[in-house]
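Working notes, structure below.
Side chains included, hydrogens not; waters and symmetry mates left out as well; all remaining heavy atoms used.
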Amino acid sequence: VRISADGLGVVVEDDGHGIPPDVLPRVFEPAFSTTSSGSGLGLAIAKRLVESWGGTIALTSTPGQGTTFSIVLPR
């Protein structure tokens with residue numbers, strides 16, 4: 001968690017499989033999922049909520065090394 005004059009930032013990292021580059025542009029799309037058990041709504045809802053609060057959500061990922069999500073909310 002980071003607090004600055006601009007707002008509050010939260011960074012979540014994992015060291016999992018990462019997300020393939022060809023999938024990255026679609027991860028925030030409603031109903032997009034790479035698994036048969038997921039509905040594909042989680043990240044779409046998270047993005048909509050964060051943006052409705054005036055914030056941003058972004059991710060970086062390296063296959064085989066993990067994924068990092070960053071959320072910044074205004075003060």
Item checked: Reported CD-to-CG distance for the pair E29 and L41, which is rounded to 0.5 angstrom -> 12.0 Å
Notebook entry, point to check: Ignoring hydrogens and geometry, is there a side-chain-to-backbone donor-acceptor pair from T62 to Q65 under 3.5 Å?
Noted result: no
Notebook entry, point to check: Should the heavy atoms of other residues, nucleotides or ligands under 6.0 Å from CG of D15 be counted, would the total exceed 12?
Noted result: no
Check: In Å, rounded to the nearest 0.5 Å, how long is the span from CG of L24 to OG1 of T67?
Finding: 7.5 Å
Notebook entry, point to check: Is it true that V27 and V10 fall in one hydrophobic cluster, defined by side-chain heavy atoms closer than 4.5 Å?
Noted result: no
Note to self: For a quick test of reading the model, state the closest non-hydrogen atom pair linking G66 to S61 and the distance between them.
What the structure shows: O-OG, 3.2 Å
Next item on the list: For the pair R2 (side chain) and G7 (backbone), establish whether a donor and an acceptor sit closer than 3.5 Å, ignoring hydrogens and angles.
Entry: no
Note to self: If hydrophobic clusters are built by linking Ile, Leu, Val, Met, Phe, Trp and Tyr wherever their side-chain heavy atoms come under 4.5 Å apart, do I45 and W53 end up in the same one?
What the structure shows: yes
Margin query: Within this structure, what is the CG-CD1 distance for the pair L73 and I57, rounded to the nearest 0.5 Å?
Written below: 9.5 Å
Check: Taking side chain as C-beta onward, heavy atoms only, is V72 less than 4.5 Å from D6?
Finding: no
Item checked: Approximate separation, where rounding is to 0.5 Å, of R26 CZ and S33 OG -> 10.5 Å
Item checked: Closest approach of P25 to D22 (non-hydrogen atoms, all atoms of both residues) -> CD-O, 3.8 Å
Next item on the list: Please report the closest heavy-atom contact between A44 and G40, naming both atoms and the distance.
Entry: CB-O, 4.4 Å
Notebook entry, point to check: If we only count heavy atoms from C-beta on, is the L43 to F32 side-chain gap below 4.5 Å?
Noted result: no
